Number of protein chains: 2
Amino acid sequence: MEDGKRSGSAAQETPRRDIHNSDVPVVCASCEARHRGICGTLSPAQLLELSKHTAKGVISPEAKLALEDDPADHYSNILKGVVKLSKLMADGRQQIVGLQFAPDLVGKLFGERNDFAAEAATEVQVCTFPRSALERLVKEVPELEQRLHRQTQRELAEAREWMLMLGRKSATERVASFLYFIALHSDPEQDAGKKVMQFEIPLKRSDIADFLGLTIETVSRQFTKLRQIGAIRLVTNRLVEVPDLERLREISESG
Amino acid sequence: MEDGKRSGSAAQETPRRDIHNSDVPVVCASCEARHRGICGTLSPAQLLELSKHTAKGVISPEAKLALEDDPADHYSNILKGVVKLSKLMADGRQQIVGLQFAPDLVGKLFGERNDFAAEAATEVQVCTFPRSALERLVKEVPELEQRLHRQTQRELAEAREWMLMLGRKSATERVASFLYFIALHSDPEQDAGKKVMQFEIPLKRSDIADFLGLTIETVSRQFTKLRQIGAIRLVTNRLVEVPDLERLREISESG
DNA sequence: CGACGCCTTGATCAACTTCAAATTTTGTGG
DNA sequence: CCACAAAATTTGAAGTTGATCAAGGCGTCG
């Protein structure tokens, strides 16, 4: 939030009831994430209550949702786009330690301060609300804590998968692993009807490097290599075609 | 559990009441972890119920508590010792993705299969019980889920710290980071009364290498280097003295 | 157009790995 | 307690991978 350029704060209006949506607040009624993520576990009344403290917004690439070591005072529900979580060392070295997609919730339930910065990788749509609002809800809805626990557990399993990647995989394997991971999280719409799988990489090369523990140059060279052996095709720098996803997975485990 | 040699299964006896310990089962009354970890949140009655399904045991180094991809059908509460969590690739490359100390609980609440193997790094004392027993308790004691959630969150923060280490730190920084981490988790008793901090490294060099994403040779060379610059002193291969912990932390962040 | 951001490519270099012993430590049986 | 074998650790020399340094190309936006 620190410097995120905002637009479209529909939630500033007083939420109204909508007879066609059985008491669901209007802000939520049209929301794609209404039935996913944490919102899916809430009753219309709870949704209404939460929406009173909610600000919907659009965040442009590179803008921050939260800063490392800052007080963890708000949460953001991702409605669309990709958020990168990163850690920075005193001398400027950086490592991306997580990627979050809709409908993930950015922010943790316990602990006073953020362990990492959260910033928009792509343009991101979010619903932001204060920590107190979520804490109140969690007390009311035990299911919610379970849902958040599941997300934390999923993130942990991912982080450990990446530890294996960072500790033991070659540059080629890392880039293939990354593309495979993005492929699995990409919107299947994008290649509906197309012969080969096609998707947009939500990160630029320097982000990919910071994610994979490599330099931009090495990442670039691995893209070139994967292109040369026919494992991928680059439509543009960001748009990739993968003729054989299984092949990509194989490369991600054995060079 | 798969091949852990066991001894001392006190829990096989029918738990009895002990008037000096207000209904706490005898197995638990003498347990050092009684008031820590998950047991700390349980009432004597719940403790009694849990202890009926519990087997206390000792596991020797290198023995497995759980295998990667195996059904996640039991949990182990660590009473003493260190457990390593590791992932293995098809070609034999290995990465340690977590270390657990008493009174951590090994095993996750959701998900059918283990994401990694868990094995004893040192000799380990555990209380093991079936998944069903914990699931039942969690439904009864909402606080318990919260406690487990906190542990998961702590493990996640740790895993991300290690991603930074694996992705961006030099060999020297990694070894210093590792020693600093172990120092913080070491039993303060060990150097009570001594002038300098002293502790036992719970892993052998090959484990350290698998944890740091290095080779044993490189780990060994870094130990030599840290010794030469006076950052550590090796009493034995496993026993380390750290004259200045802050110095070690500095090295862990800037070579 | 021209400047800037982003990406690619090439040449050189340093860090870490690999391969190969040597050395120390540990465990076992006499 | 010693002797011996096995395991773990250290050390050295050579080889690779990926980093660093240095241009150059491409696309976009004022």
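Worth saying up front: this structure is predicted, and the values here are computed from it rather than measured. Excluded from the calculations below are hydrogen atoms, water molecules and symmetry mates; all remaining heavy atoms, backbone and side chain alike, are included. Proteins get letters first, then strands, A, B, ... in listed order; numbering begins at 1 in each.
- For A/Glu217 against D/dC21, a side-chain N or O and a base N or O form a donor-acceptor pair under 3.5 Å.
- B/Phe181 and B/Trp162 have perpendicular rings, their planes meeting at more than 60° on a 0 to 90° scale where under 30° would count as parallel.
- For A/Thr224, counting side-chain heavy atoms from C-beta on, the closest listed nucleotide (C/dT17, C/dC7, C/dT8) is C/dT8.
- Checking C/dT17, D/dT11, C/dC16 against the side-chain heavy atoms of B/Thr215 singles out C/dT17 as nearest.
- The separation between B/Glu173 atom CD and C/dA15 atom P is 12 Å, rounded to whole Å.
- Residues A/Glu217 and A/Arg221 are not paired through a salt bridge, judged by the lack of any N-O separation under 4.0 Å between the basic side chain and the carboxylate.
- When distances are taken from the side chain of B/Ser220 to each of D/dT11, C/dC6, D/dA19, the shortest belongs to D/dT11.
- With rounding to the nearest 0.5 angstrom, the CZ atom of A/Arg113 is 7.0 Å from the CG atom of A/Asp69.
- Side-chain contact of A/Thr172 with A/Lys225: a donor-acceptor pair under 3.5 Å is present, judged by distance alone.
- If you take CZ of A/Arg174 and C1' of D/dT17, they are 11 Å apart, rounded to a whole angstrom.
- As rounded to whole Å, 18 Å separates atom P of C/dC6 from atom CG of A/Leu234.
- Counting any heavy atom pair closer than 4.0 Å across all strands shown, A/Ser170 reaches sugar-phosphate atoms only and no base atom.
- Side-chain proximity of B/Asn237 to C/dC7, D/dA8, C/dT25: nearest is C/dT25.
- Interface remark: the A/Arg221 side chain does form a donor-acceptor pair with the C/dG10 base, using a distance-only criterion of under 3.5 Å.
- The distance between atom CZ of B/Arg93 and atom C1' of D/dT17, rounded to the nearest whole Å, is 13 Å.
- Between A/Lys204 atom NZ and D/dC26 atom C1' the separation is 17 Å, expressed in whole Å.
- Heavy atoms of A/Gly213 sit under 4.0 angstrom from primed sugar atoms or phosphate atoms, though from no base atom.
- For the pair A/Ile216 CD1 and D/dG25 C1', the interatomic distance rounds to 15 Å; values are reported in whole Å.
- Nucleotide C/dC7 holds its P atom 14 Å from the CD1 atom of A/Ile232, rounded to whole Å.
- In this structure, a donor-acceptor pair under 3.5 Å is absent between the side chains of B/Glu32 and B/Gln125.
- Rounded to whole Å, the distance from CZ on A/Arg227 to C1' on C/dT8 is 9 Å.
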